[in-house]
Amino acid sequence: MKRSKDIPAKVRGQVAQRSAGFCEAWIEGVCPPHYHRASQMHHRRTRAQRGEHTPENLLHVCNAAHNWIHAHPAKSYENGWLIQSRAS
């Protein structure tokens with residue numbers, strides 16, 4: 001299984017440029033009330049679901065948002081922060 005650290009630098013750069021360095025999944029009541037810095041790359045289709053290291057599959061998020069996304073999968077699927085795996 002590929003790990004987050006295996007995300008190519010070019011892809012990390014593209015995602016960071018898209019986000020301008022700020023969390024792309026601001027969650028009311030979880031994240032700070034103003035724009036805040038993203039520090040992690042989140043896979044919308046998880047690595048366990050064979051999610052790829054592509055800009056389309058990655059979100060640049062803060063630590064609080066990343067933890068919340070994984071702790072609340074139903075709401076995260078509703079908001080597009082997680083997506084279902086493709087049918088085989």
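Residue numbers start at 1 and run along the sequence shown. Atom set for the values below is all heavy atoms of this structure, side chains included, hydrogens, waters and symmetry mates excluded.
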Please answer: with hydrophobic residues joined when any side-chain heavy atoms are less than 4.5 Å apart, are W81 and W26 in the same cluster?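 In one cluster with W81: W26, no.
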Tell me whether V30 shares a hydrophobic cluster with I69, the cluster being built from Ile, Leu, Val, Met, Phe, Trp, Tyr side chains joined at under 4.5 Å.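 Result: yes, single cluster for both.
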Considering all heavy atoms, the nearest [X]-[Y] contact:
X   : Y   : result
V61 : A25 : CG1-CB, 3.9 Å
L82 : Y77 : O-CD2, 3.3 Å
S76 : W68 : OG-CZ3, 3.8 Å
C62 : H36 : SG-NE2, 3.2 Å

R37 side chain vs C23 backbone, donor-acceptor pair below 3.5 Å: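 Checked: no pair found.
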Main chain of L59, side chain of R44: is a donor-acceptor contact present, judged purely on distance under 3.5 Å?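 Judged by distance alone, no pair lies under 3.5 Å.
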Would H53 and H43 satisfy side-chain contact (heavy atoms from CB on, under 4.5 Å), going step by step from the backbone distance to the final call? CA-CA 8 Å; H53 297 322; H43 290 80; 2.8 Å; yes
Should [X] and [Y] count as side-chain neighbours, where that means a heavy-atom distance under 4.5 Å?
X   : Y   : result
I83 : N57 : yes
V11 : T54 : no
R12 : M41 : yes

With sequence neighbours excluded, what pairs up with R18 under the salt bridge (Lys or Arg N to Asp or Glu O under 4.0 Å) test?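 Checked R18 against salt bridge (Lys or Arg N to Asp or Glu O under 4.0 Å); matches are E24.
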Who are the ring-ring contact (aromatic ring centres under 6.0 Å, His included) partners of H60, not counting sequence neighbours?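 Testing H60 for ring-ring contact (aromatic ring centres under 6.0 Å, His included), a comparison that skips the adjacent residues, returns none.
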Quick one: do H42 and L58 satisfy side-chain contact (heavy atoms from CB on, under 4.5 Å)? Show the steps, please. CA-CA 5 Å; H42 164 69; L58 292 167; over 6 Å; no
Roughly how far, to the nearest 0.5 Å, is the OG1 atom of T46 from the NE2 atom of H70?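 The distance works out to 8.0 Å.
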When rounded to the nearest 0.5 angstrom, what is the spacing between CD in Q14 and CD1 in I7?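 So the CD of Q14 and the CD1 of I7 are separated by 12.0 Å.
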